[in-house]
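Inspection log for the structure reproduced underneath, given as structure tokens.
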Amino acid sequence: MTPDEMLARLLYRDGMMLVVDKPAGLSVHRGPKGGHSLEDYFGALRFGLPRDPALAHRLDKDTSGCLVLGRHRKALALLGKLFKQGKVGKTYWAVVEGGPAEDEGLIDMALAELDKTRGWWMKPDPSGKPAQSTWKVMGRGEGKAWLALEPLTGRTHQLRVHCAEMGFPIVGDPIYGSADRSGVPPLHLHSRSITVPISKNKPAVTIEAPVPEHMRELLRACGWSGSEQLPPVVTGDGEIEKQPRRDG
């Protein structure tokens, strides 16, 4: 991916933050062994500021969609506080195997690290950190369900573990679900929208990310219409750039 291609994935920009549509398969930061990551594009996302933006939160490598970057230290401090206090609203779309019997519900399941040697892998643990997620069925088809998921807490792999433990693992999950390590099908988890109360004097900003190509087929099978009109990109100088209609 070129810097220009990353710039084309910009969903929102103001003086405090950026929201980009992170592609699936791209790590948000360099690992201990290095490698390609979102950080490689931070220089292209400065928009005239002296410092690169920085991550305000994280998404798994294989999760796509809305990712928030702080543009300077003051912004990062504020965003960190908002995320920590649970004031940022997050909605994910997922396609899961089978699906819940009910149409909506709450998962209240504490989580802890599975094993220090397994990195970020997690497990249900009553003595672990509290973790809550809500889910709502948006559609069903071909033995699968399309869910809108909202993590009320921000634990590592929370939605993936919660769905798997409830009996409806996310399609393409090789760690908690039934997928193998080939990456086919890819993980069907997408950060669809994020709502950030970045200003005390203005309404909270809500941004949506388009559905990634790899999720379109199964979402259509579950009733998704296959087209969407996304909101405009609002830039820091007040300009409005209209996002194109994405048709499947």
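All heavy atoms count here, side chains included; hydrogens, waters and symmetry mates do not.
- Residues L218 and M215 form no side-chain contact, since every pair of their non-hydrogen atoms from C-beta on lies 4.5 Å or further apart.
- Proximity of a side-chain donor or acceptor of K22 to a complementary backbone N or O of K61 within less than 3.5 Å is detected.
- The shortest distance between side-chain heavy atoms of I175 and V161 does not fall below 4.5 Å.
- Using modelled atom types and a 3.5 Å distance limit, the side chains of H29 and S37 yield no donor-acceptor pair.
- In terms of heavy-atom proximity, V171 sits nearest to E97 at CG2-OE2, 3.7 Å.
- H214 contributes no side-chain N or O that, together with a main-chain N or O of V184, makes up a donor-acceptor pair within less than 3.5 Å.
- Both L111 and W121 sit in one connected hydrophobic cluster of ILVMFWY residues. Membership requires side-chain heavy atoms under 4.5 Å apart, directly or through other members.
- For the side-chain contact (heavy atoms from CB on, under 4.5 Å) test with S64, the passing option among E213, H190, R192 is H190; the others fail.
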Item to check | Worked check of side chain to side chain contact (heavy atoms under 4.5 Å, CB included) between I107 and E165 | outcome: CA-CA 10 Å; I107 304 168; E165 290 297 319; over 6 Å; no
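- Smallest separation of non-hydrogen atoms from L10 and Y12: CD1-O, 3.3 Å.
- Relative to the ring axis of F47, R13 places its NZ or CZ within 45° and under 6.0 Å from the centre.
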Next on the checklist: salt bridge (Lys or Arg N to Asp or Glu O under 4.0 Å) for R140 and D103? Distances and angles first, verdict last.
Outcome noted: CA-CA 10 Å; R140 303 178 191 266; D103 290 332; 3.4 Å; yes
Which atom pairs, one a donor and one an acceptor, fall under 3.5 Å between side chains of residues 145-155 and the rest of the protein, sequence neighbours left out?
residue : atom : partner : partner atom : Å
T153    : OG1  : Q132    : N            : 3.0
T153    : OG1  : Q158    : OE1          : 2.8
T153    : OG1  : Q158    : NE2          : 3.3
R155    : NE   : P130    : O            : 2.7
R155    : NH2  : P130    : O            : 3.1

Item to check | Check against side chain to side chain contact (heavy atoms under 4.5 Å, CB included), L67 and H57 | outcome: CA-CA 7 Å; L67 182 71; H57 66 130; 3.6 Å; yes
Item to check | Working for side chain to side chain contact (heavy atoms under 4.5 Å, CB included), residues M6 and L26 | outcome: CA-CA 11 Å; M6 178 56 70; L26 181 67; 4.0 Å; yes
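- Between the side chain of K81 and the backbone N or O of Q85, no donor-acceptor pair lies under 3.5 Å.
- Counting only distance, with no hydrogens or angles, the side chain of D60 and the backbone of D62 share no donor-acceptor pair below 3.5 Å.
- In this structure, CG in L159 is found 9.0 Å from OG1 in T134, a value given to the nearest 0.5 Å.
- Listed here is the closest heavy atom pair of F42 and P53: CD2-O, 3.1 Å.
- For the atom pair CG (L49) and NE2 (H72), the distance works out to 7.0 Å, reported to the nearest 0.5 Å.
- A continuous path of Ile, Leu, Val, Met, Phe, Trp and Tyr side chains, each step under 4.5 Å between heavy atoms, connects V68 with L78, placing both in one hydrophobic cluster.
- Without hydrogens or angle criteria, R160 side chain to G177 main chain gives no donor-acceptor distance under 3.5 Å.
- Summarising the geometry of Y176 relative to A164, their closest heavy-atom pair is O-CB, 3.3 Å, with the distance given to 0.1 Å.
- Here the CG atom belonging to D173 is positioned 9.0 Å from the SG atom belonging to C163, to the nearest 0.5 angstrom.
- Grouping the Ile, Leu, Val, Met, Phe, Trp and Tyr side chains by contacts below 4.5 angstrom, directly or via other members, places L69 with L7.
- From M138, atom CE reaches atom SG of C222 across 11.5 Å, with rounding to the nearest 0.5 Å.
- Side-chain N/O atoms of S199 and N201 include no donor and acceptor closer than 3.5 Å.
- Between V28 and L38, the shortest heavy-atom distance links the atoms O-CB, 3.6 Å.
- Between W135 and V96, every side-chain heavy-atom pair lies at or beyond the 4.5 Å cut-off.
- When all heavy atoms of Y41 and M1 are compared, the pair lying nearest together is OH-O, 2.7 Å.
- Rounding to the nearest 0.5 Å gives a distance of 9.0 Å between CD of E208 and OG1 of T91.
- A donor-acceptor pair under 3.5 Å is absent between the side-chain atoms of H188 and the main chain of G172, judged by distance alone.
- With hydrophobic clusters built from ILVMFWY side chains whose heavy atoms lie under 4.5 angstrom apart, V20 shares a cluster with L55.
- Annotation: the span from I207 atom CD1 to M17 atom CE amounts to 6.5 Å, rounded to 0.5 Å.
- The salt bridge (charged side-chain N to carboxylate O under 4.0 Å, His left out) analysis of residues 37-59, with sequence neighbours excluded, yields the pairs R30-E39, R30-D40, R46-D52.
- Screening C66, S193, S191 for a side-chain contact (heavy atoms from CB on, under 4.5 Å) involving V19 leaves a single residue, C66.
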